[in-house]
Amino acid sequence: MIRKKVMIERQKAIKSRKHLSANEIASKNPSPNSKSVAETGSQPAQTQNHSTPGLTNFAMFLHPDEKTLKKLSKELLRTPGRCPIWRMKRYVADRIEHTPYSDLDIYILPPIINEGDVIINSQAAGLRYSVDDGIALDDNETIDSAGKNFWDEMKGDSNLDLVLHYKLKYE
């Protein structure tokens with residue numbers, strides 16, 4: 001019975017704390033080195049920054065000429081820039097349930113950007129790509145080096161994120 005009373009009191013205390021401001025919480029439980037919001041002049045963090053250093057945002061689309069493979073359910077990806085292309089092939093193969101991953105090639109295709117095309121939030125959805133001028137990426141190339149060596153020149157002045165395409169290897 002006593003244990004149940006203690007639990008109820010704890011729950012009430014937790015509920016009442018949810019409605020307190022940062023200053024009120026600090027004044028009820030001050031630590032020796034803590035300062036109130038009024039003293040520091042700053043507010044507690046409300047949101048997280050989603051642009052993490054070292055990570056590269058890019059899109060992975062099905063190659064326009066590929067007719068046998070499935071599309072990825074999530075085409076917008078984020079990965080460390082040092083991630084090699086072979087690992088991206090393995091990721092794609094796992095997601096589309098295709099084995100072995102060595103059957104896939106990953107390409108960078110230059111976007112066809114006409115005057116008046118609107119690029120929203122640096123995303124490439126809805127753009128067309130030049131299939132004839134594509135570059136197949138080496139397995140040991142990294143996402144960052146592919147972006148710097150090829151994509152920066154292909155995209156021109158646009159602010160597009162890196163766009164990669166996958167298809168079956170035809171030898």
Over 60° means perpendicular and under 30° means parallel, so tell me whether Phe61 and His165 are parallel, tilted or perpendicular.
tilted
Gap separating the CZ atom of Arg95 from the CZ atom of Arg90, nearest 0.5 angstrom:
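If I round to the nearest 0.5 Å, the distance is 10.5 Å.
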Going from NZ on Lys167 to NZ on Lys169, what distance comes out if it is rounded to the nearest 0.5 angstrom?
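Nearest 0.5 Å value for the NZ-NZ distance: 12.0 Å.
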When you measure from the side chain of Trp151 to the backbone of Asp161, do you find a donor-acceptor pair of N or O atoms at a distance under 3.5 Å?
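Yes.
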Work out which heavy atom in [X] is nearest to a heavy atom in [Y]; give both atom names and the distance.
{"X": "Tyr101", "Y": "Ala93", "value": "CB-CB, 3.6 Å"}
{"X": "Met88", "Y": "Cys83", "value": "SD-SG, 3.8 Å"}
{"X": "Asp103", "Y": "Thr99", "value": "OD2-O, 4.0 Å"}

With side chain to side chain contact (heavy atoms under 4.5 Å, CB included) as the test, would you mind laying out the steps for Leu72 and Tyr166 before giving the verdict?
CA-CA 10 Å; Leu72 289 171; Tyr166 62 95; 3.8 Å; yes
Counting neighbours of NZ on Lys70 that are heavy atoms of other residues, nucleotides or ligands and sit closer than 6.0 Å, is the number greater than 12?
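For Lys70, atom NZ is crowded (more than 12 foreign heavy atoms under 6.0 Å).
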Could you go through the side chain to side chain contact (heavy atoms under 4.5 Å, CB included) check for Met60 and Val92 one step at a time?
CA-CA 9 Å; Met60 179 72 76; Val92 170; 3.9 Å; yes
Determine whether Trp86 and Ile106 fall in the same hydrophobic cluster, where Ile, Leu, Val, Met, Phe, Trp and Tyr are linked whenever their side-chain heavy atoms lie under 4.5 Å apart.
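Looking at the clustering, Ile106 is in a separate group from Trp86.
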Can you list, pair by pair, the side-chain donor-acceptor contacts under 3.5 Å of residues 130-149, counting residues two or more places apart and other chains?
from	atom 1	to	atom 2	distance (Å)
Ser130	OG	Asp133	OD2	3.1
Asp138	OD2	Asn140	N	3.2
Asp139	OD1	Lys89	NZ	2.5
Glu141	OE2	Ser145	OG	2.9
Glu141	OE2	Asn149	ND2	3.4
Thr142	OG1	Ser145	N	3.1
Thr142	OG1	Ser145	OG	3.0
Asp144	OD1	Thr56	OG1	2.8
Ser145	OG	Thr142	N	3.1
Ser145	OG	Thr142	O	3.1
Asn149	ND2	Ser145	O	3.1

Tabulate below the donor-acceptor pairs under 3.5 Å that side-chain atoms of residues 62-69 make, not counting sequence neighbours, or state none.
from	atom 1	to	atom 2	distance (Å)
His63	ND1	Asp65	N	3.1
Glu66	OE1	Leu168	N	2.9
Glu66	OE2	Thr68	N	3.0
Glu66	OE2	Thr68	OG1	2.5
Lys67	NZ	Pro64	O	3.3

Kindly indicate whether the side chain of Leu76, heavy atoms from C-beta on, has any atom under 4.5 Å from the side chain of Phe58.
no
Checking side chain to side chain contact (heavy atoms under 4.5 Å, CB included) for the pair Val163/Ile108: CA distance, chi angles, key distance, verdict?
CA-CA 7 Å; Val163 178; Ile108 291 186; over 6 Å; no
Before you tell me yes or no, could you show the steps for Asn57 and Leu77 under side chain to side chain contact (heavy atoms under 4.5 Å, CB included), namely the whole-Å CA-CA distance, both residues' side-chain angles and the distance that decides it to 0.1 Å?
CA-CA 6 Å; Asn57 297 325; Leu77 306 171; over 6 Å; no
